[in-house]
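Comments concern the structure below.
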Amino acid sequence: MFPRNWEFEAEQLILLWIAQGFVHPDGSRRLEDIGKEYINDLQNKSFFTIQKKEFVSYYVIPPVIYELAKSVAAEECFRIGGDEWTRIPSSVRHLSVHLDSLSALDDTIPYKNLRTLIFLPSRTVAAINVSIPPVALNNIRSLRVLDLSLCMMDRLPDSISNCVHLRYLNISSTTITTVPEFLCKLYHLQVLNLSGCRLGKLPSRMNNLVNLRHLTAANQIISAITNIGRLKCLQRLPTFKVTRERTQSIVQLGYLLELQGSLQIRNLENIDAPNEAKEAMLCKKRQLSVLQLMWASDRDEVNGRREEDVLEALQPHENLKRLDIVGWMGFKSPNWLENEWLSNLELIFLSGCNAWEQLPPLGQLPSIRIIWLQRLKMLRQIGPYGIGSQMETFQSLEELVLDDMPELNEWLWSGQTMRNLQNVVIKDCNKLKALPPVPPNLTEITIAGKGLSAQMNTEIIARFRSLRSIITDQMTILRCSLLKERLELIESLDIQDCSEITSFSADDDDILLQLKSLQNLCISGCNTLRSLPSTLSSVQSLDKLVLWNCPVLESLTEEPLPLSVRKIEVALCHPLLKERLIKEYGVDWPKIAHIPWIEIDGEIL
């Protein structure tokens with residue numbers, strides 16, 4: 001049925017085989033988990049091998065097994081295209097067809113007996129230039145699996161309404177713009193793939209497909225399904241919007257116990273009763289790894305106490321890996337964040353929660369790797385941490401971001417160094433007096449938007465003995481004496497949104513000469529910058545130069561860029577600079593002609 005070198009992604013293989021009825025329920029276990037167990041057993045017995053391409057793992061049928069399967073299933077499985085073939089036996093149940101062999105489809109093929117019909121990509125004919133003969137779809141009542149992906153069709157054939165046994169339907173990457181209502185009568189459908197289709201909406205009775213487990217389509221049309229809670233087997237729901245109507249209230253989520261992956265719940269301000277939020281039963285959704293809870297930021301009236309109760313009722317399962325809370329206006333953290341309930345949580349993102357006055361003890365979460373705090377306007381202190389406790393806090397923390405926290409003035413800390421911390425970002429926290437003890441081997445720091453006072457900059461830099469990368473909007477940080485001692489170690493420098501600079505001073509030029517290891521230099525968002533450092537041509541270690549969104553920058557340096565430069569990117573600068581860099585004819589072209597990769601406003605020269 002499949003070509004010799006056919007490769008399956010794990011999920012694809014499991015969902016094809018479930019659709020054929022080979023996987024049977026076993027108590028409360030998910031069919032997908034049982035199917036994966038079957039596949040692993042076959043792999044252990046060498047029926048499949050695993051090959052990795054980039055970030056995807058594929059199951060591949062070895063040649064010996066392929067030939068064996070081909071001989072055993074010769075009367076039931078058939079493939080049209082590629083290899084030479086003669087007749088198609090009347091007993092065939094599973095048929096695959098290469099798109100460049102559609103001419104072989106005629107009324108001699110026993111379509112009425114088919115359980116599987118898959119159209120495979122062609123190596124010679126573009127999918128947009130071929131269409132399936134009607135004879136192939138007119139009499140397929142017994143079909144379980146139908147894959148029409150990449151086929152040229154503007155509408156789903158009416159004959160598919162007769163496929164009452166259909167479990168798996170893939171019409172992804174077709175030109176279909178409307179899904180017919182008859183689709184909602186295919187009650188056995190478990191998998192529906194609509195990715196790549198330009199659909200405005202789904203049929204009004206999609207909630208009739210009570211056996212649907214996997215629906216792939218644009219987020220906005222999935223979240224618009226009325227009474228989506230009827231689809232109790234649905235496993236993925238990327239976005240859910242809470243409305244005031246009962247038909248699309250958050251109660252619908254309570255029925256979707258098999259949800260997995262990521263779930264974003266928007267417009268939580270529409271929930272009036274905490275009990276309604278509790279009925280979402282997030283605490284029982286053990287397969288969810290990412291949960292994003294979002295309140296609208298443009299609310300006229302805010303009841304902080306009510307929102308506290310709502311968030312308390314939205315307690316997730318302890319297996320959760322990432323939690324986002326955005327726009328919440330409560331004052332006090334929920335109890336499930338105050339204790340160690342989320343012991344598997346690796347990332348927490350808190351943004352726009354402008355009434356939150358005291359954060360929960362995030363340092364006690366044993367698995368937390370990334371903490372991102374943004375626009376918490378009322379937060380004045382973080383901690384205390386480590387005081388009177390023998391437990392090591394933030395033991396797994398790798399990245400810390402403090403962004404736009406105007407009232408934050410201290411991080412109360414009495415404990416060991418955050419030994420795994422690798423990256424710190426501080427932006428618009430100009431009242432912050434001190435940081436917790438960061439490790440001396442920290443390699444990257446971002447200080448922007450008047451992030452800290454000049455004195456604090458000096459104290460922080462004194463700790464970073466292994467600093468290799470700096471992102472800043474303050475030229476003053478490069479001039480402090482402690483940093484000057486380590487300039488020759490800096491490999492990456494990103495100067496961004498530095499609005500007060502029109503040109504580089506003699507001191508700045510001298511600093512650039514001390515960057516003996518500098519490989520990457522990025523200057524971006526400097527609205528008043530008119531000229532580059534005159535000593536730029538002397539930085540012999542420079543490998544990449546990026547000039548982005550500097551609207552009054554008209555030219556490069558007088559001298560050619562260093563021979564070491566392998567890549568230059570220029571975008572959104574003064575039009576005169578682009579003119580000066582025109583290939584072979586621009587005034588500044590000789591200064592960059594030796595560079596292998598030149599990109600100007602997105603055009604690669």
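In what follows, every heavy atom counts, from backbone to side chain, and hydrogens, waters and symmetry copies are set aside. The chain is numbered in sequence order, starting from 1. Values in this document were obtained by computation on a predicted structure and should not be read as measured data.
- Residues S351 and Q374 come closest through the heavy atom pair OG-OE1, 2.8 Å.
- Separating the CE atom in M206 from the CG atom in N227 is a distance of 13.5 Å, to the nearest 0.5 Å.
- You'll find the side chain of N170 stays beyond 4.5 Å of the side chain of L148, heavy atoms only.
- N113 places a side-chain N or O within 3.5 Å of a backbone atom of S90 that can act as its donor or acceptor partner.
- Across all their heavy atoms, C163 and L186 have their closest contact at O-CD2, 3.3 Å.
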**Prompt:** Please walk me through it: do C151 and L99 pass side-chain contact (heavy atoms from CB on, under 4.5 Å)?
**Reply:** CA-CA 8 Å; C151 295; L99 291 179; 3.9 Å; yes
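- The number of heavy atoms from other shown groups lying within 6.0 Å of CZ (F47) does not exceed 12.
- By the 4.5 Å heavy-atom criterion applied to side chains, I176 and R155 are not counted as neighbours.
- Listed by chain and number, the residues in a side chain to side chain donor-acceptor pair (under 3.5 Å) with T108 are D106 (sequence neighbours excluded).
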**Message:** As a quick check of understanding, evaluate salt bridge (charged side-chain N to carboxylate O under 4.0 Å, His left out) for E258 and R213, giving each step before the final call.
**Reply:** CA-CA 9 Å; E258 293 202 42; R213 305 180 67 83; 3.0 Å; yes
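- Of all heavy-atom pairs spanning P62 and T49, the tightest one is CG-CG2, 3.9 Å.
- Scanning for side chain to side chain contact (heavy atoms under 4.5 Å, CB included) contacts around K241 gives T239, R266, N267, with sequence neighbours left out.
- Partners of K578 according to the salt bridge (charged side-chain N to carboxylate O under 4.0 Å, His left out) rule, which considers only residues two or more places apart in sequence or in another chain, are D601.
- A donor-acceptor contact closer than 3.5 angstrom links the side chains of Q235 and R30.
- Atom NE2 of H98 sits about 5.0 Å away from atom CZ of R79, to the nearest 0.5 Å.
- The environment of F240 atom CZ is dense: over 12 non-hydrogen atoms of other residues, nucleotides or ligands sit within 6.0 angstrom.
- Atom NZ of K185 has 12 or fewer neighbouring heavy atoms from other residues, nucleotides or ligands inside a 6.0 Å radius.
- For W336, the CH2 atom sits in a packed shell: over 12 heavy atoms of surrounding residues, nucleotides or ligands are nearer than 6.0 Å.
- Residues V92 and E76 approach most closely at CG2-O, 3.4 Å, considering heavy atoms.
- Taking CG from L169 and CG from L194, the interatomic distance works out to 7.5 Å, rounded to the nearest 0.5 Å.
- Under the 4.5 Å side-chain criterion, counting only non-hydrogen atoms from C-beta, T174 is in contact with C197.
- Separating the CD1 atom in I598 from the NZ atom in K567 is a distance of 12.0 Å, to the nearest 0.5 Å.
- Screening T216, L15, L16 for a side-chain contact (heavy atoms from CB on, under 4.5 Å) with V191, the sole residue that qualifies is L15.
- Residues L257 and K285 are in side-chain contact: their nearest non-hydrogen atoms beyond the backbone lie under 4.5 Å apart.
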**Message:** Please determine whether side-chain contact (heavy atoms from CB on, under 4.5 Å) holds for the pair L183 and L192, giving the CA-CA distance in whole Å, both sets of side-chain angles, and the decisive distance to 0.1 Å.
**Reply:** CA-CA 10 Å; L183 187 75; L192 177 59; 3.7 Å; yes
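- For the pair R369 and E398, the salt-bridge criterion is met [side-chain N within less than 4.0 Å of a carboxylate O].
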**Request:** Under the side-chain contact (heavy atoms from CB on, under 4.5 Å) rule, what do N354 and L376 come out as? Steps first, then yes or no, please.
**Result:** CA-CA 5 Å; N354 289 331; L376 305 181; 5.9 Å; no
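- For R93 (side chain) and S91 (main-chain N/O), a donor-acceptor pair under 3.5 Å exists by modelled atom type.
- Listed here is the closest heavy atom pair of E307 and M329: OE1-N, 2.8 Å.
- Here the CG atom belonging to L323 is positioned 6.0 Å from the CG atom belonging to L293, to the nearest 0.5 angstrom.
- Between the side chains of S343 and E318, not a single donor N or O lies within less than 3.5 Å of an accepting N or O.
- Ring geometry for W328 versus W295: interplanar angle of 30 to 60°, hence tilted.
- Atom NE2 of H317 sits about 11.5 Å away from atom CE of M281, to the nearest 0.5 Å.
- Residue pairs meeting the salt bridge (charged side-chain N to carboxylate O under 4.0 Å, His left out) criterion with at least one partner in residues 268-277, sequence neighbours excluded, are R244-D272, D272-R306.
- Every salt bridge (charged side-chain N to carboxylate O under 4.0 Å, His left out) that R322 has, sequence neighbours left out, goes to D324.
- Considering only heavy atoms from C-beta on, F182 stays 4.5 Å or farther from P203 through its side chain.
- Between N549 and S524, the side chains place no donor N or O within less than 3.5 Å of an acceptor N or O (distance only, hydrogens not considered).
- Annotation: ring pair (Phe, Tyr, Trp, His ring centres under 6.0 Å) contacts of W341 (sequence neighbours excluded): none.
- Between N193 and I171 the shortest side-chain heavy-atom distance does not fall below 4.5 Å.
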**Request:** Take L102 and D100, measure what side-chain contact (heavy atoms from CB on, under 4.5 Å) needs, and give me the verdict at the end.
**Result:** CA-CA 6 Å; L102 293 178; D100 52 0; over 6 Å; no
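- No hydrogens or angles considered: nothing links the side chains of Q260 and E32 as a donor-acceptor pair under 3.5 Å.
- Taking a cutoff of 4.0 Å between a charged side-chain nitrogen and a carboxylate oxygen, E37 and R29 qualify as a salt bridge.
- A salt bridge is defined here as a Lys NZ or Arg NE, NH1 or NH2 lying under 4.0 Å from an Asp or Glu carboxylate O, and E346 with K321 fails to meet this definition.
- The two atoms that bring H24 and I34 nearest to each other are O-CD1, 3.5 Å, heavy atoms only.
- Here the side chains of L263 and Q292 are not in contact, with every heavy-atom distance at 4.5 Å or above.
- Listed for the S173 side chain is no donor-acceptor partner under 3.5 Å among the backbone atoms of S149.
- Around atom NZ of K278, no more than 12 heavy atoms belonging to other residues, nucleotides or ligands sit under 6.0 Å away.
- Applying the side-chain contact (heavy atoms from CB on, under 4.5 Å) test between L215 and each of L234, L209, L189, I221 identifies L234 as the sole match.
- Judged by distance alone, the side chain of S223 and the main-chain N or O of N219 form a donor-acceptor pair under 3.5 Å.
- Proximity of R230 to I228: side-chain heavy atoms (C-beta onward) are nowhere separated by under 4.5 Å.
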